[in-house]
Trainee: 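To start, I am sharing the structure in question, which I have written as structure tokens.
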Amino acid sequence: MQVRVQSEPFDAGAELNGFAQGRTDIGAVVSFTGVVRDTDGTLQEMLIEHYPGMTTSAITKIVEEAVSRWTLADALVIHRHGPLKPGEPIMMVATAAAHRAAAFAAADFLMDYLKSRAPFWKKEITDQGADWVAAKDEDEDALNRW
Amino acid sequence: MQVRVQSEPFDAGAELNGFAQGRTDIGAVVSFTGVVRDTDGTLQEMLIEHYPGMTTSAITKIVEEAVSRWTLADALVIHRHGPLKPGEPIMMVATAAAHRAAAFAAADFLMDYLKSRAPFWKKEITDQGADWVAAKDEDEDALNRW
Amino acid sequence: MNVMYFAWVRERIGVPQETVETEAATVNDLIAELKTREDRYAAAFADISALRVALDQELSDFDAPLAGVREVAFFPPMTGG
Amino acid sequence: MNVMYFAWVRERIGVPQETVETEAATVNDLIAELKTREDRYAAAFADISALRVALDQELSDFDAPLAGVREVAFFPPMTGG
């Protein structure tokens, strides 16, 4: 189990290849990569603020919950903070399990909880100014699935 | 959209990094990697047979269905055939979408359909002999989710 | 008509493919005809519920007509992924 | 007691953290006290339903007691992932 909170970029492909490598008791690896989206082509930068004293422990608790619910062989979360450009990876989750259903469910669960329970806040700087990204009701509702 | 059926190994990390690269209209990339599992430590080799005339077209139809159901920005399927060793990647799926729910659902759908509708058959060679892997009822049932 | 066999169906029948001359109207008719030919066909087709069939590389049904079909493939349920 | 602010709460209040001397029994009491101090607090805490609170780095409720708490953090709903 690995949790990393960092401002530096990470190499999602290298992380995927290093994850659960050489293990022969797993049949399924699922990864999720969150990318800075710029649908309208107006985004200059995304600024991610976080709560350093709380971030790693909050994510670790979420990952421990996932590992125990789905008997994962391994789990990984990397989350960046600071300024990011459109197209850059923001964060990544990976899960490894014997079977695909557990790996998919655990990754989906991790994303839902990281979205609404990990102390990060996103600010978008566009041509028109700067705005904090508002949390969506559907993201809060998604937690009821689990 | 990319579909590759091959006997050669592939580099899942390099594929993930090359997938949907530089696109700023996507926010979510999900990948699934299927790995040769050897729970008991008795597996010598997994042999994957396929139906060359049908494989690529069958997978392509499944991917087209996923792309249209979830408006994916991109989708990738790589599936190997031939002899594989424990711990080796068998296949990989990747999906890219604006939002995470679509990327997760499409990857999950692709795996369910590839499992039961792509013409591959697995044979396990163990210390005790060789056996064809039987399809599971739960895999056929999984198709009813979609 | 080109008839193909995969996985344990291929192993039981002993060849991966063969040309079959037949007037069978449906897949079921073709199977019935093959089963009378030799024991190895009877063994391979003993339990149809354990088999799947593709006509010209498309999954199909056992009661599907064979008119115009060039390639029939028999195999167990797929185990991809 | 160390009080921290994040995202637009931090921007409205103007500092990321400060030491607050208070006898407030609960988070709600602390907020009521801060709101009387200066307009910027009144602005930041105008709509409590738009805020979340953590006590000693654990998400908590606005009616939670502050006894023994060393760090209180106020912020909008999280937008991680």
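This is a predicted model, so every value here is computed, not measured. Every chain is numbered from 1, with letters handed out A, B, ... down the list of sequences. Note: hydrogens, waters and symmetry copies are ignored here, and every other heavy atom, side chains too, is used.
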Trainee: Return yes when atom CG of A:Asp137 has more than 12 non-hydrogen atoms of other residues, nucleotides or ligands closer than 6.0 Å, and no otherwise.
Mentor: no
Trainee: Tell me, out of B:Gly22, B:Ala103, B:Gly18, B:Ala107, who's got the most heavy-atom pairs with chain A below 4.5 Å.
Mentor: B:Ala107
Trainee: Considering all heavy atoms of both residues, which atom of A:Gly27 and which atom of B:Phe32 are nearest to each other, and what is their separation?
Mentor: O-CZ, 4.4 Å
Trainee: Can you confirm whether B:Arg100 sits close enough to A:Asp139 that some side-chain heavy atom of one is under 4.5 Å from a side-chain heavy atom of the other?
Mentor: yes
Trainee: Kindly say whether B:Ala98 contributes a backbone atom to a donor-acceptor pair with the side chain of A:Arg37 at under 3.5 angstrom?
Mentor: yes
Trainee: Counting neighbours of CG on B:Asp127 that are heavy atoms of other residues, nucleotides or ligands and sit closer than 6.0 Å, is the number greater than 12?
Mentor: yes
Trainee: What part of A:Ala14 is in contact with chain B, defined as an atom under 4.5 angstrom from a non-hydrogen atom: side chain, backbone, both or neither?
Mentor: backbone
Trainee: What is the distance from atom OG1 of A:Thr33 to atom CD1 of B:Ile26, rounded to the nearest 0.5 Å?
Mentor: 8.5 Å
Trainee: Considering only heavy atoms from C-beta outward, does the side chain of A:Lys136 approach that of B:His99 to under 4.5 Å?
Mentor: yes
Trainee: Can a donor-acceptor pair be found, under 3.5 Å and without considering hydrogens, that links the side chain of A:Asn17 to the backbone of B:Gly13?
Mentor: yes
Trainee: Using heavy-atom distances under 4.5 Å, tell me whether B:Val36 contacts chain A through its side chain, its backbone, both, or neither.
Mentor: backbone
Trainee: With a 4.5 angstrom heavy-atom cut-off, could you sort out which part of A:Asp25 is near chain B: side chain, backbone, both or neither?
Mentor: backbone
Trainee: Please confirm whether the ring centroid of A:Phe104 lies under 6.0 Å from the ring centroid of B:Phe104.
Mentor: no
Trainee: Taking A:Gln21, A:Arg23, A:Glu15, A:Lys115 one by one, which has the highest count of heavy-atom pairs under 4.5 Å against chain B?
Mentor: A:Lys115
Trainee: When you compare the side chain of A:Ser31 with that of B:Leu16, does any pair of heavy atoms fall below 4.5 Å?
Mentor: yes
Trainee: So which of A:Asp11, A:Thr24, A:Thr95 has the largest heavy-atom pair count under 4.5 angstrom toward chain B?
Mentor: A:Thr24
Trainee: Does any backbone or side-chain atom of B:Asp40 lie under 4.5 Å from a heavy atom of chain A? Answer side chain, backbone, both or neither.
Mentor: neither
